[in-house]
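Notes to accompany the following structure.
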Amino acid sequence: MTPEQLSDVVRSAVAAAVERGVLSVAVPDEVVIERPKNPEHGDYATNVALRLAKTAGRPPREVAEVLAGELRGVEGVSAVDVAGPGFLNVTLAKDALGQIAVRVVAAGEAYGRTEVLAGQRLNLEFVSANPTGPVHIGGTRWAAVGDALGRLLTASGAHVTREYYFNDAGAQIDRFALSLLAAAHGRPVPEDGYAGDYIGEIAAQVVATEPGVLELSEADQQERFRVLGVDLMFAEIKRTLADFGVVFDVYFSERTLHETGALEKAVARLREQGHVFEADGAVWLRTTTFGDDKDRVLVKSDGETTYFAADCAYYLDKRERGFDKVVIMLGADHHGYIGRYKALVAALGDDPDVNLEILIGQLVNLVRDGEPLRMSKRAGTVVLLEDLVAAVGADAARYALARASVDQQIDLDLDLWSRQTNDNPVFYVQYAHARISSLLRGAADLGLPLGEAGDVDTAALAHQREGDLLRALGEFPRVIASAAELRAPHRVARYLEELAGTYHRFYDSCRVLPRGDEEATPVTTARLWLCAATATVLRNGLAVLGVSAPERM
RNA sequence: GCCCCCGUAGCUCAGGGGAUAGAGCACUGCCCUCCGGAGGCAGGGGCGCAGGUUCGAAUCCUGCCGGGGGCACCA
């Protein structure tokens, strides 16, 4: 019996008590099942009696006693105790608990998927680095976290489109083009221009692609360097992200908003809503009406539209594509955008609390030899996605970035994460998977297949450590669901570390394969299922994080 | 000045109101005739401070004190 099934059982018990007139409450939609920390508190606990006590008008312990009476005798439940202020502690029958292993193996890759977010159409935008340079460490964090979040949301039943918005218009791109042009002519980097080896490389590629380009007029040259340079840079960004295991459904060009008239349409739409005014020769959106700390310019006095105006058009475009909710992941240096973004959503007539979600992630510092690597564009110490992967490998990089809460600034220790020892969390988890794989290979060599689910004596899993492992496996779907709802992929990583530890403890006290000339027993088979189930969950969990689950290390 | 994030064990961090606050590392002492010791067991140690809400607060609210980051007719 899984926690989800137990939740239904308890809910039914409440309904039954109400039906019989021994309890007078509204039956709750959801009954929370917890895994008690103290093993003396049974396999599972619920605070349902504490929650219902007030409406029932009776002491929590009395409500708990009523429900305990209903639960005793339910198949699969071996004991129910009322404890503390009114908790119900439930102990499952050994075979019912052991069935979790069978369910996991039977579900395979699907174990962990739920429908808690079914019906939601989400647009998940992340990375969105401008094609003026390679992806740096900040974008890399979002690549790891955003990709994991996308997988989590999908696993929880949401319809997710992963989107990358790239600015291929505006002043930054002009500076990029001018920097390429200067490099091609061997001139110094222009003021506010981009430096770095990649500028020279891309400039050379542009010339190689279009040999006559340097013969054109200065304006035409700049245009060609812009077009080809952006294409080359963006191709490079896509390639490094793909090597990192991150691929987007949509790569959205800001330029198209200008070219299709979407910008004018958005401004017109905002004007219709009555929130646009003109001052100092510029066109403004009165975002202060919706809680922003100052009004924002849409069209500058020189006639150029602002980045903010493009944001409006882009948001509108997403909504017109049918997304219920626009989720945007930004770095902490962009937190000031939240106010104006919410205001623009409200100004367009949507509800910012429903249709928009902005996730802010704190910054990443790299540490090597105990010393922080301060990033500085001027000092040339910008750390790139590729640098990180080169230093620790893609698996460790993704895991390290995804295992921390996004609210936490992280100091990523390159020494630690490149180490092949158990103080490196990703190796600890991967090692557990490799160890199980090795054991299952050993079982196969001994001619011990898992066999049919119906032939497993799950009651044979009676050891304390087996119970611990089964309960841990039973948590996985809830971990995935809550990580998706809370937009917190790091919870999956932490869970996997805990699961790996629980497995090692089981392994240490429970011999799986027969030794020497011993015969296999029902316990052998049941434990093999338990091992296979653990491997499945480790694999599924690592897959969510985009990290490999090696069978050998 | 205003805004955002953080403050939990010696260190790096988990803990979406619930029972005795956890993990890894580090430290001390242990455990292989045996499936991967890249493992396990035991021990010491902690919620920045002060109020509030609640039957119950590390968790929610307010203030203060520390640390990090951000304020543009830039993108």
Side-chain angles (χ1 to χ4, degrees), chain A residues 32 34 36-38 40-41 45 47 50-51 53-54 59-60 83-87 89 130 132 167 169-175 192 254 279-284 293-302 304-308 310 331-339 360-363 365 367 403-413 416 419-425 427-428 430-432 434-443 445-446 465 482-483 485-486 488 490-491 493-495 497-498 500-501 503-516 518 527 531 552-553:
Chain A
V32 177
E34 298 178 310
K37 283 167 237 160
N38 186 336
E40 289 170 17
H41 294 157
N47 62 358
L50 287 156
R51 295 201 174 278
K54 193 168 273 180
F87 289 103
N89 291 336
N130 287 354
T132 53
N167 304 111
Q172 285 202 21
I173 293 294
D174 291 341
R175 286 201 285 275
D192 295 329
E254 180 193 352
D280 306 328
V283 178
W284 300 68
D293 50 6
K294 63 181 76 166
D295 293 324
R296 306 289 169 178
V297 172
L298 292 167
V299 185
K300 293 187 263 184
S301 52
D302 63 6
E304 289 290 312
T305 50
T306 60
Y307 185 88
F308 180 64
D333 51 340
H334 286 69
H335 91 265
Y337 281 31
I338 297 176
I360 297 294
Q362 299 301 311
L363 306 180
N365 289 310
V367 175
R403 97 184 269 272
S405 156
V406 293
D407 287 336
Q408 193 72 238
Q409 291 181 36
I410 45 182
D411 292 324
L412 208 156
D413 185 333
L416 168 66
R419 221 172 283 156
Q420 311 252 322
T421 59
N422 65 335
D423 51 348
N424 178 348
F427 275 90
Y428 184 76
Q430 288 182 316
Y431 172 72
R435 197 182 207 188
I436 298 170
S437 300
S438 165
L439 191 148
L440 294 174
R441 281 193 299 271
D445 291 345
L446 291 172
R465 296 276 172 79
S482 65
E485 287 173 322
L486 293 170
H490 74 279
R491 283 172 172 254
R494 303 297 177 147
Y495 164 82
E497 290 165 30
E498 186 188 315
Y503 178 78
H504 289 312
R505 282 184 283 281
F506 151 78
Y507 179 91
D508 209 57
S509 3
C510 299
R511 174 81 200 185
V512 178
L513 298 179
R515 336 165 180 235
E518 289 176 359
R527 286 180 174 169
C531 290
R552 289 186 172 82
M553 295 174 69

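Remember, predicted model here, so these are calculated numbers, not experimental data. Just so it is clear: chains get the letters A, B, ... in the order the sequence lines come, proteins before strands, and each one is counted from 1.
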Hey, are the side chains of [X] and [Y] touching, using non-hydrogen atoms and a 4.5 Å cut-off?
{"X": "T306(A)", "Y": "W284(A)", "value": "no"}
{"X": "I173(A)", "Y": "T132(A)", "value": "yes"}
{"X": "R441(A)", "Y": "R552(A)", "value": "yes"}
{"X": "Q362(A)", "Y": "Q408(A)", "value": "no"}
{"X": "L486(A)", "Y": "R491(A)", "value": "yes"}

Output the rounded distance in Å from [atom1] ([X]) to [atom2] ([N]).
{"X": "Y495(A)", "N": "G24(B)", "atom1": "OH", "atom2": "P", "answer": "17 Å"}
{"X": "L50(A)", "N": "C55(B)", "atom1": "CG", "atom2": "P", "answer": "12 Å"}
{"X": "D280(A)", "N": "C73(B)", "atom1": "CG", "atom2": "P", "answer": "10 Å"}
{"X": "E34(A)", "N": "A21(B)", "atom1": "CD", "atom2": "P", "answer": "15 Å"}
{"X": "D411(A)", "N": "C11(B)", "atom1": "CG", "atom2": "P", "answer": "14 Å"}
{"X": "H335(A)", "N": "C71(B)", "atom1": "NE2", "atom2": "P", "answer": "9 Å"}
{"X": "I360(A)", "N": "C6(B)", "atom1": "CD1", "atom2": "C1'", "answer": "15 Å"}
{"X": "F506(A)", "N": "C35(B)", "atom1": "CZ", "atom2": "C1'", "answer": "10 Å"}

Categorize [X] for me: base, sugar-phosphate, or nothing, with a 4.0 angstrom heavy-atom threshold over every strand shown.
{"X": "Y428(A)", "value": "sugar-phosphate"}
{"X": "C510(A)", "value": "base"}
{"X": "L486(A)", "value": "base"}
{"X": "A488(A)", "value": "nothing"}
{"X": "N89(A)", "value": "base"}
{"X": "D302(A)", "value": "nothing"}
{"X": "A53(A)", "value": "nothing"}
{"X": "A83(A)", "value": "base"}
{"X": "T132(A)", "value": "nothing"}
{"X": "A169(A)", "value": "sugar-phosphate"}
{"X": "R515(A)", "value": "base"}
{"X": "R491(A)", "value": "base"}
{"X": "Q409(A)", "value": "base"}
{"X": "Q420(A)", "value": "base"}

Problem - Donor/acceptor link under 3.5 angstrom from D423(A) side chain onto base of A38(B) - result: no
Practice task
Kindly give the heavy-atom pair with the smallest separation between R465(A) and F506(A), and that separation in Å.
Solution key: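 Distance-wise, the nearest heavy atoms are CB-CA, 3.8 Å.
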Handout entry: Exercise: identify the closest heavy-atom pair between A432(A) and A500(A)
Key = CB-CB, 3.8 Å
Fill in the blank from the handout: Taking for K294(A) and for R494(A) the nucleotide of RNA chain B with the nearest heavy atom, the one nearer the 5' end belongs to R494(A)
Practice task
Take D407(A) and I410(A), find for each the nucleotide of RNA chain B with the closest heavy atom, and name the residue whose nucleotide sits nearer the 5' end.
Solution key: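 That would be D407(A).
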Taking [M] as the reference, what is the distance to [N] when you measure between their [atom1] atoms (whole Å, please)?
{"N": "C3(B)", "M": "G56(B)", "atom1": "C1'", "value": "34 Å"}
{"N": "U20(B)", "M": "A14(B)", "atom1": "P", "value": "25 Å"}
{"N": "G63(B)", "M": "U53(B)", "atom1": "C1'", "value": "15 Å"}
{"N": "G48(B)", "M": "C34(B)", "atom1": "P", "value": "48 Å"}
{"N": "A19(B)", "M": "A57(B)", "atom1": "P", "value": "11 Å"}
{"N": "C13(B)", "M": "G7(B)", "atom1": "C1'", "value": "12 Å"}
{"N": "G52(B)", "M": "G45(B)", "atom1": "C1'", "value": "31 Å"}
{"N": "A42(B)", "M": "A23(B)", "atom1": "P", "value": "10 Å"}

Handout entry: Base of A38(B) and ring of F427(A) stacked, centres under 5.5 Å, planes under 30°
Key =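 No, F427(A) does not stack on the base of A38(B), since the centre distance and plane angle fail the 5.5 Å and 30° test.
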Problem - H490(A) ring over A14(B) six-membered base ring, under 5.5 Å and 30° - result: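 Stacking is absent between A14(B) and H490(A), given that the ring centres and planes do not meet under 5.5 Å and under 30°.
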Practice task
Determine: side-chain N/O of R296(A) to OP1/OP2 of A72(B), distance under 4.0 Å, yes or no.
Solution key: yes
Shortest side-chain distance from [X], nucleotide among [options]:
{"X": "A434(A)", "options": "A72(B), G36(B), G18(B)", "value": "G36(B)"}
{"X": "Q408(A)", "options": "A19(B), A14(B), U20(B)", "value": "A14(B)"}
{"X": "Q362(A)", "options": "C3(B), G68(B), G15(B)", "value": "G68(B)"}

Exercise for the section: List in chain and number order the residues that pass salt bridge (Lys or Arg N to Asp or Glu O under 4.0 Å) with D508(A), two or more places apart in sequence or in another chain; answer none if no residue qualifies. Expected result: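 Residues passing salt bridge (Lys or Arg N to Asp or Glu O under 4.0 Å) with D508(A): none at all.
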Completion exercise
Read 5' to 3' with Watson-Crick or G-U pairs under 3.5 Å, [ ] for crossing pairs and | for partners on another strand, RNA chain B gives (((((((..((((....[...)))).(((((.......)))))....(((((..]....))))))))))))....
Exercise for the section: Decide, for C32(B), between syn and anti: a glycosidic angle within 90° of 0 counts as syn, anything else as anti. Expected result: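 Because its glycosidic torsion lies within 90° of 0, C32(B) adopts the syn conformation.
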Exercise for the section: Starting from the C-alpha separation in whole Å, work towards a yes-or-no answer on side chain to side chain contact (heavy atoms under 4.5 Å, CB included) for Y507(A) and C531(A). Expected result: CA-CA 9 Å; Y507(A) 179 91; C531(A) 290; over 6 Å; no
Practice task
Using side chain to side chain contact (heavy atoms under 4.5 Å, CB included) as the criterion, list what pairs up with A434(A), not counting sequence neighbours.
Solution key: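 Once residues adjacent in sequence are excluded, the partners of A434(A) under the side chain to side chain contact (heavy atoms under 4.5 Å, CB included) criterion are M553(A).
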Exercise for the section: Spell out, as yes or no, whether a donor-acceptor pair under 3.5 Å connects the side chain of N47(A) to the backbone of L50(A). Expected result: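 Not confirmed, N47(A) side chain does not pair with L50(A) backbone.
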